[in-house]
Every structure is written in structure tokens, then in C-alpha cells.
Amino acid sequence: GENVGLHLPTLSVQEGDNSIINCAYSNSASDYFIWYKQESGKGPQFIIDIRSNMDKRQGQRVTVLLNKTVKHLSLQIAATQPGDSAVYFCAEKESGTYKYIFGTGTRLKVLA
Amino acid sequence: DTGVSQNPRHKITKRGQNVTFRCDPISEHNRLYWYRQTLGQGPEFLTYFQNEAQLEKSRLLSDRFSAERPKGSFSTLEIQRTEQGDSAMYLCASSLAGLDQPQHFGDGTRLSIL
């Protein structure tokens, strides 16, 4: 089946720098995307979502960019903090369904 | 809003035993989802309910797995005759009705099969 994939399994950034986490998806029928943050021993926590009719959406310190031409999704975290250390997943939903497909995740390590 | 609650948090059992997990969704959410997550992987969809109706099941959900949501509120996931390969984190999520609604997850039940 088609999956959401991630380019980098681990990303290390200095505290205060910006982080960019990338995700490639392969299903052109996907119309809704979510970024989740998962800390050890906890369930995924919703960060931000974006619909396929948008190419950018901003939240508090986070921005999601969607490039449907190349089927690419990114999560930008501004002024990365130690509390941002976690595994980040992108998830896609196929149009007309309620099933979300997750990738394997990227571990973000924030260095003091 | 107390979030999605899952019980127990941890379950250790011997191979061949039956186990049951419970999920209490966010109260106003009428959609409920079950996922399985193994170490280093993203959650894998198992099944979902809209109110009490189970509307979709993954092929991952073998005959040994059954999920119910009898009154459209809490849900249970039962695994019969557990196998080593069932060891995983079982996550529950809920969402509002309608398309493009984010799912909110509980902290899961970690199942270990001895």
C-alpha cells in the first residue's frame, strides 16, 4: 500500500535554531495532512493540520508547508526549545475516507 | 475536556491468554479509532467507529481481534489467544464528525506477551 515516508530519521538542532522536518507522501488522492508530536510513553499529540487546498498554514511557532506537485510536506518549528524534543509523524488521509496513514517518524533532538 | 483515556496503561500476559483494553473518548466526539504501534514505527490503523457502528476494519485486524462500542461512548478492544507478535502499544483516538477532523490520541495501552 502507499505510505507516508520521512526523509530523515533523526534531526539534531541547537536550542534556539529553527527546525525543518520533512515528509514525502505518495498518494495523490490524499487531501488532508496532520503533524503529530509523540513523546516517550505518550500518545501522539496533534500539532497542526493542513488541507490540500492550502499550501501553507501557521500556528504558534510552527508552520506546515504543502507542495502537492512533488507530494511533499514539511513542518517548521521556530526557535526550537528542549521541550520540542520528540518523534514527529506526518499523517495523510485519502479523500473520502476516515483512515489516516502514518509514516515511521523523525526524531528531533534539541541540543543545549 | 479530560482527553482520551485508555486503561490499563500496561498489560503483561502469557501467550494464549485473552486481553481486553478500554478507551474512553473525548465526550463530544462520535468517531473513535484504534491503532497499533510498534517500536520505531508510526501508528497503524486497525478500525474505526462512528457512534456504535464499526465502519472500517484493517486487514491487520485478524479474527482474534474484536472491537466494540456498544453505546457509542467507550470502546473495548479484545485480543483472544494472544501471540508474541501482538506485543505493541495499542492507541485509541477520537474525533468530531465530518471530514478533515484531527484525531486526538490517548496515551495507549502497552501490551507485553511473555
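Here is the naming used below: chain letters follow the sequence lines, and residue numbers restart at 1 for every chain. The figures that follow rest on heavy atoms only: side chains count, while hydrogens, waters and symmetry mates do not.
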- Query: What residue in B/Pro102, B/Gly108, B/Gly106, B/Ser58 has the most heavy-atom pairs under 4.5 Å with chain A?
  - Reply: B/Pro102
- Message: Can a donor-acceptor pair be found, under 3.5 Å and without considering hydrogens, that links the side chain of B/Asp100 to the backbone of A/Tyr32?
- Response: no
- Task: Answer with side chain, backbone, both or neither: which region of A/Ser95 has an atom nearer than 4.5 Å to a non-hydrogen atom of chain B?
- Result: neither
- Task: Can you establish whether the number of heavy atoms outside B/Asp63 located under 6.0 Å from its atom CG is more than 12?
- Result: no
- Message: Around atom CG of B/Leu39, are there more than 12 heavy atoms from other residues, nucleotides or ligands closer than 6.0 Å?
- Response: no
- Enter the distance from B/Glu44:CD to A/Lys99:NZ here, rounded to the nearest 0.5 Å. 11.0 Å
- Item | Shared hydrophobic cluster, A/Trp35 / A/Tyr25 (ILVMFWY, side-chain heavy atoms < 4.5 Å) | yes
- Query: In terms of heavy-atom contacts, does CD of A/Gln60 have more than 12 from other residues, nucleotides or ligands at under 6.0 Å?
  - Reply: no
- Item | Part of B/Arg110 lying under 4.5 Å from any heavy atom of chain A | neither
- Task: Evaluate side-chain contact (heavy atoms from CB on, under 4.5 Å) for A/Phe89 paired with B/Gln37, printing each intermediate quantity in order.
- Result: CA-CA 12 Å; A/Phe89 294 98; B/Gln37 185 177 29; 3.5 Å; yes
- Report, as yes or no, whether the 6.0 Å neighbourhood of atom CD on B/Glu68 holds more than 12 heavy atoms from other residues, nucleotides or ligands. no
- All heavy atoms of B/Phe45 vs all of A/Tyr100, minimum pair found to be CB-O, 4.2 Å
- Turns out that what part of A/Gln38 lies under 4.5 Å from chain B's heavy atoms comes down to side chain
- Single-linkage hydrophobic cluster, 4.5 Å side-chain cutoff, B/Leu77 and B/Leu32 together: yes
- Message: Tell me if the NZ atom of A/Lys68 is crowded by more than 12 foreign heavy atoms within 6.0 Å.
- Response: yes
- Quick one: closest heavy-atom pair of B/Leu91 and A/Pro44, and the distance? CD1-CD, 3.9 Å
- chain B contact via A/Lys93 - side chain, backbone, both or neither, heavy atoms under 4.5 Å: side chain
- Message: Are there over 12 heavy-atom neighbours, none belonging to B/Arg15, within less than 6.0 Å of that residue's CZ?
- Response: no
- Taking atom CD1 of B/Ile12 as the centre, report whether more than 12 heavy atoms of other residues, nucleotides or ligands fall under 6.0 Å from it. no
- Message: Heavy-atom pairs under 4.5 Å with chain B - which of A/Tyr98, A/Phe46, A/Tyr36 has more of them than the others?
- Response: A/Tyr98
- Item | Greatest number of heavy atom pairs closer than 4.5 Å to chain A - which of B/His104, B/Glu56, B/Gln103 | B/Gln103
- How far does CG of A/Asp49 sit from CD of B/Gln101, to the nearest 0.5 angstrom? 9.0 Å
